[in-house]
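Working notes for the structure below.
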Amino acid sequence: SVVIPDDVTEIEDRTFEDCYSLDSVTLPPLLSSIGDFAFKDCVELDSITLPATLSDIGVGVFSACIQLQSISLDASNTHFRGIDGVLFDTSATTLLSFPRGRDGVYAIPEGVTAIQAWAFNGTIYLDNIQFPSSLMTLGQGAFYQCFELLSVEIPFGVTTIPDSCFERCIGMETFSLPSSVSSVDPDALRFASALRSIEVDSINQRYSSLGGVLFDDDHSTLVCYPQMMRGASYVVPPGTLRIEDYAFEDNTYLERVFLPNGLTSIGFVAFSDCVQLRSISVPTSVTSIESSAFSRCDALASIYFMGNTPSE
């Protein structure tokens with residue numbers, strides 16, 4: 001356990017990161033700020049009380065604190081609001097930090113419009129999150145490493161799925177996008193190793209789903225092929241011009257992928273770690289293959305390129 005001296009007013013970024021045996025911290029009464037990821041991976045920390053003077057708290061402060069059941073707040077603090085052990089801004093419209101030791105189901109309160117970056121990062125026991133209809137903004141890495149999440153249905157109103165938002169959600173099997181989403185970062189769903197299907201509202205004007213595979217609206221870009229989608233072969237539809245970064249990464253079932261004539265680019269790490277992939281033919285239309293596109297494809301015996309070597 002640690003008792004921080006009374007005259008300390010700031011805790012810098014990552015100050016206690018990886019203090020694996022730290023189970024108790026007493027914060028000083030004049031503390032005004034806590035930096036980003038200050039207590040990240042303090043896996044034994046089971047309680048914390050934020051003082052009345054605290055006015056600034058960084059992102060991911062309690063990331064992967066997997067014993068933390070509640071974030072307590074001094075009753076005199078006017079800068080934040082605690083609801084059922086969860087930390088919010090004073091208006092309770094932004095969820096700032098969720099205690100990572102919770103399990104089961106959590107219903108985010110109606111009226112919440114934003115989830116802070118890394119707010120749930122490392123909440124490894126939570127298996128269901130119910131989003132409010134008021135939600136509009138998801139922060140970077142908000143649900144990174146939420147291992148037990150089974151299914152995610154993004155509510156209408158959210159427009160962007162930012163980078164790392166659901167990365168390493170290794171239990172997530174289905175993911176659904178509403179019509180309001182207009183941007184999905186290429187690595188938002190990386191290493192979601194149980195993902196079988198991605199569904200998109202039929203009136204979404206930016207994205208579409210073909211057989212559970214995520215494309216842009218006109219099917220010219222294949223955005224994400226679910227890692228747990230079964231099948232030894234896949235035919236990329238005619239009209240596809242680009243395979244997005246990370247699109248097929250880590251799929252362990254695919255042995256053959258058939259690329260269409262007209263395809264022009266294959267993104268960064270697009271087929272990396274497709275360990276069963278045995279052979280692939282690249283059509284003459286391809287002019288760009290980004291780095292590591294086929295890295296660690298251990299069974300890949302041959303890549304047949306039918307055109308001229310692309311310029312770097």
Side-chain angles (χ1 to χ4, degrees), residues 1-103 106 108 112 114-126 129 137-147 162-169 187:
S1 64
V2 171
V3 178
I4 300 175
D6 286 355
D7 59 348
V8 171
T9 60
E10 297 181 6
I11 297 174
E12 296 290 339
D13 296 352
R14 300 182 184 273
T15 297
F16 293 94
E17 182 178 13
D18 294 338
C19 291
Y20 300 125
S21 299
L22 183 65
D23 60 5
S24 174
V25 176
T26 301
L27 300 179
L30 300 179
L31 186 68
S32 62
S33 69
I34 301 176
D36 297 344
F37 304 104
F39 294 94
K40 181 177 182 288
D41 288 315
C42 293
V43 295
E44 295 297 325
L45 186 66
D46 57 12
S47 64
I48 193 90
T49 299
L50 305 179
T53 52
L54 188 71
S55 59
D56 180 60
I57 191 165
V59 300
V61 169
F62 302 109
S63 293
C65 294
I66 59 174
Q67 300 298 327
L68 189 62
Q69 294 291 321
S70 179
I71 301 169
S72 299
L73 185 66
D74 187 287
S76 299
N77 189 296
T78 59
H79 304 286
F80 303 103
R81 184 174 174 185
I83 302 175
D84 190 28
V86 181
L87 187 66
F88 295 83
D89 66 347
T90 53
S91 63
T93 56
T94 299
L95 192 157
L96 300 175
S97 189
F98 186 82
R100 307 316 202 265
R102 297 272 188 93
D103 60 8
Y106 178 66
I108 298 173
V112 171
I115 297 174
Q116 173 107 313
W118 311 102
F120 287 81
N121 173 21
T123 307
I124 64 174
Y125 306 117
L126 198 65
I129 294 176
T137 303
L138 297 175
Q140 176 191 12
F143 298 96
Y144 182 91
Q145 288 187 334
C146 288
F147 291 156
D163 64 290
S164 301
C165 193
F166 293 94
E167 185 174 345
R168 298 187 186 273
C169 290
D187 71 356

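Below, each value reflects all heavy atoms present in this structure, side chains not excepted, and no hydrogens, waters or symmetry copies. From a predicted model like this one, the values you see are computed outputs, not experimental measurements.
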For P99 and V86, which heavy atoms make the closest approach, and how far apart are they? CD-CG2, 3.9 Å

Determine whether H79 and L54 satisfy the following criterion, side-chain contact (heavy atoms from CB on, under 4.5 Å), listing intermediate values before the conclusion. CA-CA 7 Å; H79 304 286; L54 188 71; over 6 Å; no

Do the side chain of D187 and the main chain of E167 share a donor and acceptor less than 3.5 angstrom apart? no

Polar side chain donor-acceptor pair, S63 to N121, under 3.5 angstrom: yes

Can you label the angle between the W118 ring and the Y144 ring as parallel, tilted or perpendicular, going by 30° and 60°? perpendicular

Keeping R102 on the side-chain end and Q69 on the backbone end, is there a donor-acceptor pair under 3.5 Å? yes

With side-chain contact (heavy atoms from CB on, under 4.5 Å) as the criterion, how do F143 and I129 come out once you've worked through the C-alpha distance, each side chain's angles and the decisive distance to 0.1 Å? CA-CA 10 Å; F143 298 96; I129 294 176; 3.1 Å; yes

Side-chain donor or acceptor of D41 paired with backbone N/O of E17 under 3.5 Å: no

How about CZ on R81, more than 12 heavy atoms from neighbouring residues, nucleotides or ligands closer than 6.0 Å, or not? no

Test item: I11 and I4 side chains (from C-beta on) under 4.5 Å apart, heavy atoms: yes

If we check side chain to side chain contact (heavy atoms under 4.5 Å, CB included) with F80, which of these qualifies: L96, D89, D56? L96

So if I apply the ring-ring contact (aromatic ring centres under 6.0 Å, His included) rule between F120 and each of Y125, F98, F62, which one comes out positive? F98

Are the side chain of T53 and the backbone N or O of P29 linked by a donor-acceptor pair below 3.5 Å? yes

For the residue pair C165 and G139, what are the closest heavy atoms and their distance? SG-O, 3.9 Å

Is there a side-chain contact (heavy atoms from CB on, under 4.5 Å) between I115 and I108? Walk through the geometry before answering. CA-CA 10 Å; I115 297 174; I108 298 173; 3.6 Å; yes

Close side-chain approach of L27 and I34, heavy atoms under 4.5 Å: yes

Report yes if some heavy atom in the side chain of D23 is under 4.5 Å from a heavy atom in the side chain of S1; otherwise report no. yes

So, the side chain of D36 versus the backbone of D13: is there a donor-acceptor pair under 3.5 Å, distance only? no

Sub-3.5 Å donor-acceptor pair from the side chain of S32 to the main-chain atoms of T9, do we have one? yes

Please examine the side chains of L138 and P162, heavy atoms only from C-beta on, and report whether any two atoms are closer than 4.5 Å. yes

V59/F37 under side-chain contact (heavy atoms from CB on, under 4.5 Å): CA gap, chis, key distance, verdict: CA-CA 6 Å; V59 300; F37 304 104; 4.2 Å; yes

